[in-house]
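Below: the structure, in structure tokens.
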There are 2 protein chains.
Amino acid sequence: MNETEAPLRRRVTLRDVAALAGVSPSTASKALNDRPGQVSTSTKERVREVAERLGFTPNALAQAMHSSRTGTVGLITDDLEGRFSLPILMGAEDAFGAGRTSVFLCDGRGDPIRESHHLKALVGRDVDGLIVVGARPDARPSVSHRVPMPVVYAYAPSEDSQDLAVVPDNTRAGELAAEHLVAMGRTRIAHISGDPTYSAAQNRAAGIATVLDAHGLEQVGPTQFGAWDEPWGRAATRNLLEHRTAVDAIIGGSDRITRGIIETVRASGREIPSDIAIVSFDNWEPLISGSQPSLTSVDFGFKQIGRRAAHLLSAALDGQPPAQRVETVTPKLVIRNSSTGT
Amino acid sequence: MNETEAPLRRRVTLRDVAALAGVSPSTASKALNDRPGQVSTSTKERVREVAERLGFTPNALAQAMHSSRTGTVGLITDDLEGRFSLPILMGAEDAFGAGRTSVFLCDGRGDPIRESHHLKALVGRDVDGLIVVGARPDARPSVSHRVPMPVVYAYAPSEDSQDLAVVPDNTRAGELAAEHLVAMGRTRIAHISGDPTYSAAQNRAAGIATVLDAHGLEQVGPTQFGAWDEPWGRAATRNLLEHRTAVDAIIGGSDRITRGIIETVRASGREIPSDIAIVSFDNWEPLISGSQPSLTSVDFGFKQIGRRAAHLLSAALDGQPPAQRVETVTPKLVIRNSSTGT
DNA sequence: TTGTAAGCGTTATCAT
DNA sequence: ATGATAACGCTTACAA
């Protein structure tokens with residue numbers, strides 16, 4: 001028994017404030033909520049002063065029982081490393097406004113049973129809405145029919161085309177990468193991508209092809225598909241350099257792949273970017289900033305995806321029909337030394 | 001077949017269940033909560049069957065108003081990249097049990113005002129407790145006196161030594177790294193660390209010194225302090241190799257630093273690990289797995305920190321005094337090729 | 001074994 | 001301008 005603990009004071013309730021201010025709870029409520037013309041200025045001031053002094057914080061749970069809004073949303077993800085979910089969460093927080101809406105973060109870990117538990121808990125907590133973040137950019141199973149509140153899918157769309165979603169534009173990302181290299185005067189462009197079962201890999205390749213076509217260029221060799229990691233970047237680059245000496249640019253499928261590409265290109269004695277220019281996808285800080293030379297990379301705007309998802313959810317809560325069910329966020333090219341610089 | 005297909009517009013309440021089962025709400029409550037000897041078996045079964053059929057989920061908010069436990073905790077962090085917070089969150093989720101406790105994740109972004117907003121919101125939501133994840137391993141301002149519920153600090157302790165905390169053991173981490181290298185027969189060991197204002201940097205250096213002393217070895221040159229990034233790893237390594245040729249091992253202060261070290265060592269024509277063995281800190285997958293050779297690195301066990309923090313919080317909620325206010329999680333060395341292999 | 005009623009903290013409605 | 005009262009969904013004495 002240690003009574004030296006922090007005083008477990010009972011939380012201050014509206015009653016306490018009202019009593020100390022010498023008014024009824026309902027008047028106190030009006031005073032604190034600034035009901036126009038329903039409470040005198042003097043009373044309002046007195047109540048507020050007391051509330052301040054007592055450190056009163058309204059019980060959001062009790063409030064929620066009236067407003068039919070709890071001011072909470074659930075964000076459920078399978079992305080363990082947080083590569084996508086955290087920026088998306090941050091964007092959502094921004095859009096909702098810190099303090100106004102609170103976010104339950106739930107990690108499904110790719111396990112449908114875990115996900116079900118979380119869903120049930122979130123429904124029980126009466127969240128106003130749900131944001132579901134997929135683990136990869138391909139369509140994932142819908143959960144919308146299992147919950148009584150609006151759901152927005154972020155990063156990966158739902159398999160049900162009726163569902164709302166905010167997704168990155170991978171095709172445009174491919175175009176951006178290729179357009180930049182063409183603009184820099186490169187003509188012999190190769191593409192080393194990742195896992196071909198990812199729609200992202202296919203869409204980026206398609207975007208690149210479109211741009212090369214439009215400029216009458218032909219890609220150097222077919223797109224090499226493999227894994228999303230550095231060893232594959234190294235292996236594919238070795239293969240490329242062995243068979244095609246006439247290459248003046250490489251597009252890497254992810255920053256991890258591109259780190260492998262850079263290492264191998266430099267080891268072969270070629271200079272970046274003078275001999276070979278490099279453009280990458282992801283713009284992931286821990287891999288980007290340390291690279292030598294620094295990496296030009298396409299940023300997918302995860303924070304923006306989070307913001308838009310939050311907006312879509314808010315609109316849905318207000319009963320506004322969305323302009324479009326699946327919204328696309330346009331990526332941005334961040335230019336650094338690997339494609340232009342010293 | 002699942003009868004609960006239709007999206008319920010109004011949530012199913014206990015009343016609905018009770019009405020359909022032909023009992024009063026209180027009886028339904030007892031039936032669902034398995035109150036021993038207060039409800040007949042037949043009634044219990046009937047109520048449960050109806051609840052199941054209607055897809056009834058109890059309103060956790062309403063329940064919370066009785067139990068004095070909301071089954072929610074707040075996790076507040078300043079760690080933007082999620083390098084620490086997400087593993088810690090995952091560990092905490094594990095320990096709490098998915099579905100039983102839900103976690104509000106709040107990003108303070110190093111801004112005290114934002115943090116205050118979040119704190120206020122969490123208090124208003126009546127969270128049972130708080131886990132505060134610092135941005136760096138040094139003591140951070142206490143928030144415990146500002147909230148009426150228990151707080152556990154994870155990763156970084158509180159400035160108030162009365163507060164509960166779970167932190168990594170950086171001294172032991174340094175020892176582990178050095179012990180391993182000594183065990184591998186290395187005698188000329190150098191240390192390239194990060195920002196010297198981090199206690200983590202100092203404590204690891206101290207751990208290394210202890211072990212070298214114990215073995216009658218002297219560190220090759222003073223610890224080089226700088227930044228936690230690759231460029232510093234490169235610069236420091238160049239400096240080291242220029243001035244000290246007799247080096248057979250380097251301890252890198254973080255995986256990012258170590259990536260820079262490896263690149264520079266190999267560029268100098270030396271082999272890893274035959275000429276120079278390398279050990280690192282962090283064991284951060286995106287940097288570790290792609291490295292060539294793969295990196296031996298000290299893992300701080302963030303998930304375990306999250307688990308312990310959750311346990312401490314649970315214990316505090318149950319009124320149990322902690323065995324110790326500041327609990328330490330022992331790191332583990334993960335051995336890969338940079339210190340031993342082919 | 002079951003039902004009735006009170007109450008958790010707040011807000012909306014309706015008197016006063 | 002203020003206050004009494006009911007209601008949100010649930011649990012729990014207490015009464016039947």
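Note on naming: letters A, B, ... go to the chains in the order of the sequence lines (proteins, then strands), and numbering restarts at 1 for each one. Just so you know, these numbers use all the heavy atoms, side chains as well, and skip hydrogens, waters and symmetry mates.
Donor-acceptor pairing under 3.5 Å, judged by distance alone, is absent between the side chain of B/T13 and the base of D/dG9.
Here the C1' atom of nucleotide D/dG9 and the CZ atom of B/F56 are 8 Å apart, to the nearest Å. Nucleotide C/dG9 holds its P atom 8 Å from the CG atom of A/D16, rounded to whole Å. Distance CG (A/L14) to P (C/dT11): 6 Å, rounded to an integer number of Å. With rounding to whole Å, B/L32 atom CG is found 8 Å from D/dT11 atom P. As rounded to whole Å, 15 Å separates atom C1' of D/dT11 from atom CG of B/D34. Here D/dA7 presents its C1' atom at 9 Å from CZ of B/R15, a figure rounded to the nearest Å. Rounded to whole angstrom, the span from the NZ atom of A/K30 across to the C1' atom of D/dA1 amounts to 8 Å. Per the geometry, CE belonging to B/M65 stands 12 Å off P belonging to D/dG9, to the nearest Å.
Atom CZ of A/R15 has 12 or fewer neighbouring heavy atoms from other residues, nucleotides or ligands inside a 6.0 Å radius.
When the nucleotides D/dC10, D/dC8, D/dA4 are ranked by their closest atom to the side chain of A/S24, D/dA4 comes out on top.
OP1 or OP2 of C/dT11 sits under 4.0 Å from a side-chain N or O of A/S29. For D/dT12, one of the phosphate oxygens OP1 or OP2 lies less than 4.0 angstrom from a side-chain nitrogen or oxygen of B/R35. Applying the 4.0 Å criterion to OP1 and OP2 of C/dT2, one finds that B/T43 has a side-chain N or O inside that range. For D/dT2, the OP1/OP2 oxygens have no side-chain nitrogen or oxygen of A/T27 closer than 4.0 Å. At C/dC8, none of the side-chain N or O atoms of A/N59 fall inside 4.0 Å of OP1 or OP2 (strictly under the cut-off).
Positionally, the nearest nucleotide of DNA chain C for B/S40 lies more toward the 5' end than for the other of A/A62 and B/S40. If you find the closest nucleotide of DNA chain D to A/Q38 and to B/S26, the one lying nearer the 5' end belongs to A/Q38.
Note on A/S68: nothing from the nucleic acid sits closer than 4.0 angstrom, heavy atoms only. Heavy atoms of A/Q63 sit under 4.0 angstrom from primed sugar atoms or phosphate atoms, though from no base atom.
Using modelled atom types, one finds no donor on one side chain facing an acceptor on the other under 3.5 Å when comparing A/S142 with A/D160. Between the side chains of A/S144 and A/Y153, at least one donor-acceptor pair of N or O atoms lies under 3.5 Å. Side chains of B/T70 and B/D128: a donor on one and an acceptor on the other come within 3.5 Å. Using a 3.5 Å distance cut-off with no hydrogens or angles, the side chains of B/R125 and A/S102 do pair a donor with an acceptor.
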